[in-house]
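Dropping the structure in here first, questions after.
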Amino acid sequence: MQIQINGIDVQIDIKNIKNMHLYVKPPLGKVVVSAPILMTEKAIENFVRANMGWVKKQQEKFASQPRQTARQYVSGETYYIRGKQYFLVFTESAKRSFRTDGNTIVLGMKASCTVEQRERYFRVQNRKILQQHLEQIVPAWEQKTNLYCDSYRIKYMTTKWGTCNAKTRRIWINLQMVEKPPECLEYVVLHELIHLKVRNHGNDFAALMDTYMPIWRDIQKELNGSMLDSL
């Protein structure tokens, strides 16, 4: 079911739950309400209206995130790996290849490959690079904090640098973190590991971050001021 409140579309999911929950979901700020089976539409509408200020603030946050212009994967474009700037050189090749050479990334593919095919191959290579670094970083921070995840995965995300599922003890790292400086990746890994113990961002969370990474606020500010990909 869907209703409109103050010009905003609200999706209502009726579930076998006790309480209502309101979500503003990335990447475009979609508003979703999970409501108990017996809850009336009027009660749901009043609940959303009472939280409309928060809804608009979340939507504005998504809309204001700085983003890269859409990439075409052609020579001359700028890319980053671990905070270092590279210029792309596209070469026509029957066999796909990806390598760094000084300050360039040399991408070899058929000239007939579409932008989507170039992007898909490029992301596969970035995933390999990020995976290699995570294999070193995650175990190191697990030992330092004594907080161990059951698994860590890489996922392309458009609004978050990382996320944590405390129930399954699984953390996800945004594929775009391959572009960021090493200290930023370490911050995100630590951030998500601490969420295994503290699910919110309150005083307990901040205290643990202070313990293990005293300059985390500076790194967080740097990371949140950097760009995500275009939608």
Side-chain angles (χ1 to χ4, degrees), residues 1-70 116 123 147 149-177 187-210 216-217 220-231:
M1 180 170 63
Q2 187 163 305
I3 61 176
Q4 192 173 80
I5 301 174
N6 292 354
I8 297 176
D9 291 329
V10 180
Q11 178 182 317
I12 301 173
D13 295 334
I14 304 301
K15 298 182 178 181
N16 185 22
I17 54 178
K18 293 182 179 180
N19 301 305
M20 276 193 289
H21 302 279
L22 178 62
Y23 307 94
V24 180
K25 297 190 174 184
L28 301 178
K30 180 180 180 180
V31 182
V32 179
V33 176
S34 295
I37 295 172
L38 299 179
M39 190 68 64
T40 66
E41 183 176 328
K42 186 62 177 178
I44 295 171
E45 180 179 343
N46 289 339
F47 175 69
V48 176
R49 288 187 183 279
N51 292 280
M52 188 55 69
W54 177 81
V55 168
K56 290 182 177 179
K57 185 179 293 185
Q58 295 304 304
Q59 288 185 327
E60 289 170 1
K61 184 174 73 172
F62 290 140
S64 65
Q65 282 186 287
R67 297 184 182 275
Q68 298 276 4
T69 55
E116 290 75 18
R123 287 185 181 178
L147 295 170
C149 62
D150 286 348
S151 64
Y152 56 91
R153 306 283 178 84
I154 297 170
K155 179 167 63 173
Y156 183 83
M157 293 182 275
T158 56
T159 61
K160 295 180 178 181
W161 300 116
T163 187
C164 169
N165 187 322
K167 289 184 178 180
T168 62
R169 302 192 67 79
R170 175 180 294 171
I171 66 174
W172 295 89
I173 303 298
N174 191 337
L175 177 58
Q176 296 184 61
M177 284 305 303
Y187 157 78
V188 172
V189 169
L190 175 61
H191 182 121
E192 302 309 333
L193 285 175
I194 288 178
H195 275 319
L196 294 173
K197 185 174 183 179
V198 182
R199 299 193 182 187
N200 56 40
H201 293 102
N203 292 336
D204 291 342
F205 173 86
L208 285 172
M209 289 295 295
D210 287 337
W216 69 272
R217 291 177 180 83
Q220 181 188 60
K221 185 177 179 180
E222 175 188 354
L223 185 58
N224 290 340
S226 62
M227 290 189 179
L228 286 158
D229 280 350
S230 61
L231 294 175

> So do the side chains of Val31 and Gln59 get within less than 4.5 Å of each other, counting heavy atoms only?
Replying inline: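 Contact flag for Val31/Gln59 side chains = yes.
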> How many angstroms lie between CD1 in Ile194 and CE in Met209, if you round to the nearest 0.5 Å?
Replying inline: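 If we round to the nearest 0.5 Å, Ile194:CD1 and Met209:CE are 5.0 Å apart.
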> Which pair of heavy atoms, one from Trp172 and one from Met157, lies closest together, and at what distance?
Replying inline: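 In terms of heavy atoms, the two residues are closest at O-CE, 4.2 Å.
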>> Is any side-chain heavy atom of Tyr152 closer than 4.5 Å to one of Val189?
In response: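 Side chain of Val189 against side chain of Tyr152, heavy atoms only: no contact under 4.5 Å found.
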>> Could you measure the distance from the CE atom of Met1 to the CD atom of Glu41? Nearest 0.5 Å is fine.
In response: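 So the gap between those two atoms works out to 5.0 Å.
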> What are the two closest heavy atoms between Leu193 and Leu147, and how far apart are they?
Replying inline: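 Heavy atoms of Leu193 and Leu147 come nearest at O-CD1, 3.5 Å.
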> Are Thr168 and Asp150 side-chain neighbours, meaning at least one heavy-atom pair lies under 4.5 Å?
Replying inline: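 No, too far: nothing below the 4.5 Å cut-off.
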> What is the distance from atom NZ of Lys15 to atom NE2 of His21, rounded to the nearest 0.5 Å?
Replying inline: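 The NZ atom of Lys15 sits 8.5 Å away from the NE2 atom of His21.
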>> If you define the side chain from C-beta out and look only at heavy atoms, does anything of Asp210 sit under 4.5 Å from Arg217?
In response: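 They are in contact (side-chain heavy atoms under 4.5 Å apart), so the answer is yes.
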> Taking all non-hydrogen atoms of both residues, which atom of Val188 and which atom of Leu223 are closest, and how far apart?
Replying inline: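 Between these two residues, the closest heavy atoms are CG2-CD2, 3.5 Å.
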> Quick one: CD1 on Ile12 to CZ on Phe47, what's the gap to the nearest 0.5 Å?
Replying inline: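 Rounded to the nearest 0.5 Å, the CD1-CZ separation comes to 11.0 Å.
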>> Looking at Arg170, is its backbone amide N or carbonyl O close enough to the side chain of Asn165 to form a donor-acceptor pair, meaning the two atoms are under 3.5 Å apart?
In response: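 Absent.
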> Would Asp9 and Lys30 pass as an ion pair if we require N to O under 4.0 Å?
Replying inline: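 No, no charged N to carboxylate O under 4.0 Å.
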> Roughly how far, to the nearest 0.5 Å, is the CG atom of Leu22 from the CG atom of Asn51?
Replying inline: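 Here the interatomic distance stands at 5.5 Å.
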> Where the side chain of Asn6 meets the backbone of Ile8, is there a donor-acceptor pair that is under 3.5 Å apart?
Replying inline: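 Not at all, since once roles are kept as given, no pair shorter than 3.5 Å links the two residues.
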> Is the CG atom of Asn203 crowded by more than 12 outside heavy atoms at less than 6.0 Å?
Replying inline: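 Incorrect, the count does not exceed 12.
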> Shortest non-hydrogen contact from Tyr156 to Leu175?
Replying inline: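 Answer, listing the atom of Tyr156 first, then Leu175: CA-CB, 4.1 Å.
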>> Using every non-hydrogen atom in the two residues, find where Ala35 and Ile44 come nearest and quote the distance to one decimal.
In response: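 Heavy-atom minimum between the residues: CB-CD1, 3.6 Å.
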> Do the ring planes of His195 and Phe205 sit parallel (below 30°), tilted (30 to 60°) or perpendicular (above 60°)?
Replying inline: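 His195 and Phe205: parallel rings.
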> If you look at every heavy atom in Ala43 and Met39, which pair is closest and at what distance?
Replying inline: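 That closest heavy-atom pairing would be CB-SD, 3.5 Å.
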> Taking side chain as C-beta onward, heavy atoms only, is Asn174 less than 4.5 Å from Lys160?
Replying inline: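 In short, these two side chains do not touch, never coming nearer than 4.5 Å.
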> Does Gln11 reach the side chain of Asp13, with side-chain heavy atoms less than 4.5 Å apart?
Replying inline: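 Counting from C-beta outward, Gln11 and Asp13 do come under 4.5 Å.
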> Going from CD1 on Ile173 to CZ on Arg153, what distance comes out if it is rounded to the nearest 0.5 angstrom?
Replying inline: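 CZ of Arg153 is found 12.5 Å from CD1 of Ile173.
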